[in-house]
Asker: 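Have a look at this one.
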Amino acid sequence: QTQITFSYLWGGAEGQALEEIIADFNASQTDIVVTGVSSPDTTKQLASMSSSRGAFDISDNFASNVAAWADQGILLPLNDLDIDISDFPESAMKQLVVDGQIYSLPIATHNFQLVYNKKLLDEAGVTPPTTTAELADAIAKLTKVDANGNVTQLGLGLSDVSAGLKTLGYAFGGDWNRGDEPSPTDPGFVEGVQFFFDNVVAPVTPEAYNRFIAGYGPYMSDQDPFVAGKYAMIFEGEWRSKFNTEAGMDWGVVPVPGKTPELLGSTWSDVSTLFIPTNSPNKEAAGVFLKYLMSPPAMEKFSHVLGNLPARLSLVKSAAYDDLPNFNVWLDALNSPNNHGLPASLYMVEYNTDLVSAFDQILQGSQTVDAALKSVADRSASYTR
Amino acid sequence: MSKVDLEAVSKTYDKVEILKDLDISVRDGEFLVFVGPSGCGKSTALRMIAGLEELSAGTIRIGDRVVNNVAPGKRNVAMVFQSYALYPHKTVAQNIGYPLIVQGLPKAEINRQVREVAETLELTPFLDRRPAHLSGGQRQRVALGRAIIRKPDVFLFDEPLSNLDADLRVSMRAEIIRLRERIKTTMIYVTHDQTEAMTMGDRIAVFAPLRAGNDRNLMQIGTPDELYSRPANVFVARFLGTPKMNIVTAHRDGQLALVSGNAFSEGALPDTPAEFLLGARPEDIRLGEAGAPGLSGKIALVEALGYEHVVHIDTDAGTIVVRLADKTLRPVAGDAVSLRIAPDLLHVFDPISQQRLN
Amino acid sequence: MSKVDLEAVSKTYDKVEILKDLDISVRDGEFLVFVGPSGCGKSTALRMIAGLEELSAGTIRIGDRVVNNVAPGKRNVAMVFQSYALYPHKTVAQNIGYPLIVQGLPKAEINRQVREVAETLELTPFLDRRPAHLSGGQRQRVALGRAIIRKPDVFLFDEPLSNLDADLRVSMRAEIIRLRERIKTTMIYVTHDQTEAMTMGDRIAVFAPLRAGNDRNLMQIGTPDELYSRPANVFVARFLGTPKMNIVTAHRDGQLALVSGNAFSEGALPDTPAEFLLGARPEDIRLGEAGAPGLSGKIALVEALGYEHVVHIDTDAGTIVVRLADKTLRPVAGDAVSLRIAPDLLHVFDPISQQRLN
Amino acid sequence: MSTFRSQHSGWALFKGLAFASPFLIGFGVLYAWPILASGWYSLTDFSLFKAPRFVGLANYERMLADDKFWKSLYNTLYFTFVGVPVDIAISLAGAHILNMKLRGQALWRALIYLPSIVPVVAAGFLWRWLLNAQYGFVNEIARWFGLAQPNWLADSAWGGVSVLILMLWTVGGTMLIYLAALKDVPVDLYEAAELDGASHWRRFIDITWPMVSPVTLFQIIVLMIAFLQVFTQPFVLSKDPGLTAQSAVGPGDSMLTYSIYLFQNAFMFLKMGYASAMAWVLLFVTLAITLLVLWSAKKWVFYGNR
Amino acid sequence: MATVERHHMSIGQIISQVWRYGLAIFMALVFVFPFLIMLTTAFKPSGEIFSAPPEFWPRSWTLEHFGTAMTQFPFWRYLSNTLLISVLSVVGTLLASPLVAYSLAKLRWPGRNLVFITVLATMMLPPQVTLIPIYMMWNGLGATNTYIPLIVPAFLGTPFFIFLIRQFLMSIPNELIEAAKMDGASEWRVYWDIVLPIARPALVTSAVFQFVWTWTDFLNPLIYINDDKAYTLSIGLYSFLGSHGVQWGPLMAACVLFTLPAIVIFILGQRYFIGGVAAGALK
Ligand SMILES: Nc1ncnc2c1ncn2[C@@H]1O[C@H](COP(=O)(O)OP(=O)(O)OP(=O)(O)O)[C@@H](O)[C@H]1O
Ligand SMILES: Nc1ncnc2c1ncn2[C@@H]1O[C@H](COP(=O)(O)OP(=O)(O)OP(=O)(O)O)[C@@H](O)[C@H]1O
Ligand SMILES: [Mg+2]
Ligand SMILES: [Mg+2]
């Protein structure tokens, strides 16, 4: 029997779900025993891969790292596994293939749509927006400020600032990585970020905005700000479906409003991927297990328990997801042309870090959108390509 | 220049009584020495006068003012500490001038006074040095200077010489005596060195620790001569003088004092009870040949110091120490001798109360 | 039990000469005292014998063995340090027994010997205590015990009593003398206390610092009596005796010694040059009435110590100090007096070489 | 003085080296070689995984244009130049309080020192909680006293202050050292000054401050080094719990310290060469500030024996 | 008169007493208050934790969070890992640092001052400078993801402790060492029998420091330990946060559990420790 270790970044309930799938696999055959390890820190994951003998045989990450890691030679090429990749969305696969070599395989995908609190919208007599103009209108109507200037309710919130603002960029026809190059000053992208600042932050002042943000309870906890009614709308990934329902909310979701009708449902597609490090002690057994995870039943089960989108187009119509309310809005986006996957590139980590810093400056009100994004553009010159 | 009065002063630390019912009047311009064994409360008494310790009971008056609740800085007393307590990071000039600096005197005036004091103490060449670069005697003089410059009503000294080596101690003692002759201020001086006490003080106050029996600390106060020749009790008698006074139990037999059955005194005794403690100073005892009348004994040890011999003699009443100033005598260990003393040189003490009777 | 020979021993620290050409032979079983002012190299000499300092030149022999290159632990000498150097974390028994423990003796044997030593030093009740819980005198005895137990050939003491208070010093001195009488081992004892030196040593070696003029440290070696009554030079003369010997410049005038033009000696002088240094011990000078023949002076200060008076007399030749052992005399400051001395008590020194002439 | 024997001066050398050998080995392995190696790496383009490629001074040149480098350096120097004096001031004041006649000295000291033994990670989480703008106790207490209730962890003006608070929470160690130093100042100096009529403040200026100045110097250097290297406090304090997505290091990168940026470059962006160059710059900055402090010390540090 | 005055004094005394204790209590509260919050939060039911305005005292007490912390996070395993590393580091420190310190304080050999200066210099070296090459070195030796990089340095002597112990040893009178040599003890024996026992306060101080530092170390385990079974408490705690969102109750409970052993060690060693910290600093 070969012992292999599956180190995953998930934890909590997701981690437990993974353990079930691992148990299924271990029960399905007798040659390999998989041990699951929850290890949520990506830095450590990376450090582990630098040692001569790895601590794990298979692990997961988001697609943004794949190119850089492949370039460093720490990811095992997976072409030899002979997996049929035609069923995987192209937007996903283009993030995982470098120079024709597959370095990582998609286990789940994610995109962002506009989730709203039905009760609050009804109270304000707002219908879910379909264009950015309507969105601006809705935000204005749904934002409440008390006599002291304290925000009590925000029309549009961001739970993940970076994902949210990138999504808005797409909604304005922009791209932050146009032509497979960092393009933080892409006009549409700038316009999208500016939209958020102008419509959400500026009207209440950055000071009040940030004070309101800081008062949030933890994300996806009992005190989750969306559940608590502090936001009327947010850009959110598909995992919200499960959580909102369990929290007993009355909620809805619509595709991200676009500046023009063609841009409706613009979103950034992220991929959860599985890979085998080159320093894996048991590469073959890891390959077997990876293949198992990629099989439709396993993937279906996995994405379902996690409330994530599957990475196989053939699963999009699966009835398995029917118990997740409104899930189809995200599922349908998998096939949408406005679903933007990013190509594998070396600079993604650093670029993301810089974007996050820039967004933060903008929301703090300490830099204008143009200036902040311009400085990212300056830094991007020194990125490794 | 002021008198200092302590009235029924007591001090208790953490429920332990250290000083009890201390009554001392220091006369205006007097040099009074506090002497006593270690831990008997001399420093405590001095520090209460300075205001560095609170009183547990009693009153202290400096001049006519009750100072119990007056801050130390406002009593106009100066103190010289055993450790000198010089500010190590300040120069000699700054150390001496510190009391004036604190008073906020103009710089020029301070300089003038510091120079003057330094002159009299022969410290002028060292004014810019730090204390670490001074010898022990020079430090001592700086401490004196800092005290003098304030022109205080009372000078307090707490064993100011005990950190110096023997030679320096002798010369600094002379220096203080000279100082004292120049500025006739009231001075209170603590020491446990009896030579200092005897040679420096106008009067001496002998302290004892409060133990079972002593209901107060002050054992006797008087001039050095009074204390040496007529100690008020056994404590004072044994405290002053080296070697110590010999104390033996004696019985009265008519006019003679019998010690272990032998006649010790040479002639008519003063009034004494039938049994008493007999005190004899080492230099007062006369050494006779074996067999002569007197207390018989054998020489156990002879310490030849060149100018005198200290002879330890084993007798039935214990070891008796005799000082022989005559250099020509050469007593030899092992010799048998007899001991006698003139009756007017005897000290008679009550065996119970230990108080002087004659 | 061994003799110890130092031959032409020198010591230089960082280019500064501390000891030069030291030649001392300590006889087998002798008690030799090194005495001298602070910093003159006494400890350094002792530590070279112990092996704790290297020699810069010369030879040290213990018994017949040259020990220059023998490690301290192998010389079979024991040393008692001024600070006692007791191991603070070990009990009294472990401290005393440590030399045997290091030698690897069996436990039972160590115990036996420790008990024996403790018995003789009266330390038995304290065997389980730590040094911190002992009094000064007890610590001193433990240090002695640790030295004794090794049965060394030579005992070295470096100011073992200087950390004790006056009373204890006297009694520990007696203790060492008794110890010495029991175990007749060679002992070398460093002190700067002249009383200790005079009363304890078979012989005394007087050290002086190397300064311009002194081309060696050893000023004189001899019995206490020799040193006191016939000091070889002015240094030794002034070093031993309190108060110090008076030294004045004198001229020979026939049979008389003239000091400031007055005849100071009472009778026939020994052979002297025309001008010489005259030494007179304070107790040897006789005080006469003003106008009587002799050196005339005025009493400047009288220190009354009870059993004697030390009288400082200002004369034309400087201050002369006189010791008056007679208690009945009461000299008074300000009185005029005249001073004389018997010629056989005079010390005559060469004014240049400062060496004794008579 | 000497335990040294010349006839075996070779033996003495051997003994000395033998006893010191752990450090000598450690120095070679853990200091000397790594310093040289990092010097070499700083001249290369290097990730953890591939062999270094010599690039000359490119890494150093890059620093000049890297605004995040400057930001992190600025933040670190800000923490150092504000934190160290404040730390010293609080410690001295606190040591004075503890030096008053109080019963149960051991207990007081233990209470003051307690925060220093709380693991930094735990302390970071704890303070995130305390500084929470809405649920936190700090703002609650500020409310009682009618003080401003800043948005500590989310306002770029206050992010740095939050880090400072977390770091200053552990001044207990410095305080205890000062306490020991105060106890070493001879009481009779104060008494002499009191007799001379000096006020409390004068006694502090004229006696306490000069007497503890060697300790102050030591503290300044130790604290300065600690502040220049600060990593864990801002690292934990800026971690937005609940969001796996990456966030800035504190609001507006206000908690981005030099060490964190160095760490990011080394282990996240895989720019080991650049990180090594940063390390060397930190070494020179530390050295420069230390020398500056030591130089100034001649003017204000007083040693008893000089 | 006397009694009146005594009474009068004691009013003054009471005032100064109140002032002194008031100040001290205030200061102690500032330091301890956050810690108390940690404690009370750990015992508050989840529902009570988020209340605005916050409440200090739990309305009802629960041990639930400790249960959660101990089960969701392999507390005992991390505890024993951390203990193992800490104890071994302490052993290493006690073996190596005093040896070096003794050599620098009491042995006379050419080059000793140079080594001492080197020790001082290394104390000032930012660990960042050596972090990467040392990481590479351990990585090259295949020692990453083992405890070796966390433990071995202690066995090679830590400059700070060498300095601290050396300062302490300087205060041991040479006469003690000389006495032992005269008693026939070898250099090693002097070190073992005399120097080490006397240096106990410095050793305890170093041990406590080393223990607490290793116990709370974050960066090193973060870099070197990858296998979650091998985590130390601080890394465990950190990733606990990542994998469980913020559950303040269990998190605070875990913090309490994490902090307790350090406190126990501190209390055991505090008698020596406080003095030792100061001794190192003052000379
Ligand atoms: N602050 C204090 N707290 C408690 N007891 C004290 C304090 N200061 C002094 N004592 C005790 O009071 C007694 C008298 O002390 P004091 O210093 O006055 O003695 P002393 O006569 O000056 O002795 P010495 O000659 O040794 O200086 C001693 O037993 C001492 O232990
Ligand atoms: N290790 C050393 N390095 C340099 N000089 C030293 C050393 N040890 C002693 N000296 C110097 O050697 C001289 C003699 O010192 P030593 O200790 O032998 O004097 P001593 O006669 O014992 O004096 P004391 O009576 O004060 O103990 C002194 O001037 C001292 O400064
Ligand atoms: Mg006293
Ligand atoms: Mg000496």
Side-chain angles (χ1 to χ4, degrees), chain D residues 1-4 12-13 15-16 19-20 22-23 25-27 30-31 34-35 37-38 41 94 97 100 102 108-112 114-115 117-122 125-126 129-130 134-135 137 140 176-177 180-181 215 218 225 229 231-232 241-242 259 262 266 272 275-276 279 282-283 286 290, chain E residues 20 23-24 27-28 31-32 34-35 37-38 50 52-54 96 99-100 102-103 106-110 112 115 118 122 124-130 132-134 153 156-157 162 174 177 187 212 216 218-219 234 237-238 241 245-246 248 251 255 258-259 262-263 266 270 274 277-278 281-282:
Chain D
M1 179 67 207
S2 148
T3 48
F4 164 56
L13 179 63
K15 266 196 314 198
F19 274 88
F23 174 74
I25 297 170
F27 178 73
L30 298 176
Y31 297 96
I35 289 172
S38 105
Y41 293 149
I97 294 177
M100 299 184 302
L102 292 171
W108 294 111
R109 284 188 260 166
L111 290 180
I112 298 305
L114 189 64
I117 53 174
V118 173
V120 185
V121 176
F125 292 148
L126 174 61
W129 180 227
L130 292 167
Q134 193 154 334
Y135 304 104
F137 280 87
E140 173 64 8
L176 292 187
I177 290 171
V215 177
F218 175 83
I225 291 172
Q229 296 170 4
F231 175 84
T232 314
S259 290
L262 191 152
M272 287 287 181
S276 295
L282 179 59
L283 177 59
T286 308
T290 307
Chain E
R20 285 201 304 262
L23 263 181
M27 181 172 71
F31 283 97
V32 177
F35 192 74
I37 301 285
M38 177 160 114
F50 281 86
L99 266 183
V100 183
Y102 179 67
S103 176
K106 294 292 180 188
L107 296 181
R108 280 255 194 124
W109 48 286
R112 153 179 116 145
V115 172
T118 310
T122 49
M124 310 214 166
L125 186 72
Q128 284 81 356
V129 178
T130 53
I132 293 157
I134 292 178
L156 296 178
I162 294 173
N174 284 325
I177 293 168
E187 197 73 61
V212 173
T216 62
F218 177 68
L219 187 59
S234 54
L237 199 63
Y238 183 70
L241 190 78
V246 209
W248 283 109
L251 184 66
C255 287
F258 182 16
T259 308
I263 292 180
F266 173 72
Q270 93 133 14
I274 305 260
V277 175
L282 291 175

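Worth knowing before you read on, the calculation uses all heavy atoms, side chains too, and leaves out hydrogens, waters and symmetry mates. Letters A, B, ... are given to chains in the order of the sequence lines, protein chains preceding strands, and every chain is numbered from 1.
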Asker: Under a 4.5 Å heavy-atom cut-off, does chain E meet the side chain of Ala266(D), its backbone, both or neither?
Answerer: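 Contact with chain E: side chain only.
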Asker: With chain E, which of Ile25(D), Leu114(D), Thr290(D) has the greatest number of heavy-atom pairs at distances under 4.5 Å?
Answerer: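 Max contact count across the listed options: Leu114(D).
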Asker: Quick check on Leu30(D) against chain E: is it the side chain, the backbone, both or neither that has a heavy atom closer than 4.5 Å?
Answerer: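 For Leu30(D), the contact with chain E is made by backbone and side chain together.
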Asker: Heavy-atom distances under 4.5 Å only: say whether Ile162(E) touches chain D with side chain, backbone, both or neither.
Answerer: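 Interface part for Ile162(E): side chain.
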Asker: Evaluate the ring planes of Phe27(D) and Phe23(D), with Trp represented by its six-membered ring, and classify them as parallel (under 30°), tilted (30 to 60°) or perpendicular (over 60°).
Answerer: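 Answer is tilted, since the angle falls between 30° and 60°.
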Asker: Side chain, backbone, both or neither: which part of Tyr41(D) has a heavy atom under 4.5 Å from chain E?
Answerer: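 The side chain, not the backbone.
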Asker: In terms of heavy-atom pairs under 4.5 Å with chain E, which of Leu130(D), Thr286(D), Leu102(D), Ile35(D) leads?
Answerer: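 Most heavy-atom pairs under 4.5 Å with chain E: Leu102(D).
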Asker: For Ser103(E), what residues pass the side chain to side chain donor-acceptor pair (under 3.5 Å) criterion, not counting sequence neighbours?
Answerer: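 Checked Ser103(E) against side chain to side chain donor-acceptor pair (under 3.5 Å); matches are Trp109(E).
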Asker: Using non-hydrogen atoms only, which part of Ser276(D) is less than 4.5 Å away from chain E: side chain, backbone, both, or neither?
Answerer: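 Contact with chain E is through both the backbone and side chain of Ser276(D).
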Asker: Taking atom OH of Tyr102(E) and atom CD of Glu187(E), what is their separation to the nearest 0.5 Å?
Answerer: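 One gets 4.0 Å once the value is rounded to the nearest 0.5 Å.
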Asker: Relative to chain D, which segment of Phe35(E) carries a heavy atom at a distance below 4.5 Å: side chain, backbone, both, or neither?
Answerer: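 Phe35(E) touches chain D through backbone and side-chain heavy atoms alike.
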Asker: Trp108(D) versus chain E, heavy atoms under 4.5 Å apart: side chain, backbone, both or neither?
Answerer: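 Contact with chain E: side chain only.
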Asker: Calculate, to the nearest 0.5 Å, the distance between atoms CG and OG belonging to Leu219(E) and Ser259(D) respectively.
Answerer: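 That separation rounds to 8.0 Å.
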Asker: Which answer fits Tyr31(D), side chain, backbone, both or neither, if we ask what part of it has an atom under 4.5 Å from a heavy atom of chain E?
Answerer: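 For Tyr31(D), backbone and side chain are both near chain E.
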Asker: To the nearest 0.5 Å, what is the distance between CG on Leu251(E) and CZ on Phe125(D)?
Answerer: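 Answer rounded to 0.5 Å: 5.5 Å.
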Asker: Using a cut-off of under 4.5 Å for heavy-atom pairs, which of Leu156(E), Val32(E), Leu99(E), Thr216(E) has the most such pairs with chain D?
Answerer: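 Winner by heavy-atom pair count: Leu156(E).
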Asker: Out of Val121(D), Val120(D), Leu111(D), Leu126(D), return the one with the most heavy atom pairs under 4.5 angstrom to chain E.
Answerer: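 Between Val121(D), Val120(D), Leu111(D), Leu126(D), the count favours Leu126(D).
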Asker: Roughly how far apart are Gln229(D) CD and Ile225(D) CD1, rounded to 0.5 Å?
Answerer: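 Answer for the CD-CD1 pair, Gln229(D) versus Ile225(D), is 6.5 Å.
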Asker: Just so I understand: if I count every heavy-atom pair under 4.5 Å between each of Ala262(E), Pro126(E), Gly157(E), Ser234(E) and chain D, which residue has the most?
Answerer: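 Maximum pair count with chain D is reached by Pro126(E).
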Asker: To the nearest 0.5 angstrom, please state how far the NZ atom of Lys106(E) sits from the CZ atom of Arg112(E).
Answerer: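 The NZ atom of Lys106(E) sits 9.0 Å away from the CZ atom of Arg112(E).
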Asker: For Thr232(D), enumerate each residue passing the side chain to side chain donor-acceptor pair (under 3.5 Å) test, keeping only those at least two apart in sequence or located in another chain.
Answerer: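 Not a single residue meets the side chain to side chain donor-acceptor pair (under 3.5 Å) criterion with Thr232(D).
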Asker: Val129(E) versus chain D, heavy atoms under 4.5 Å apart: side chain, backbone, both or neither?
Answerer: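 Looking at Val129(E), backbone and side chain both touch chain D.
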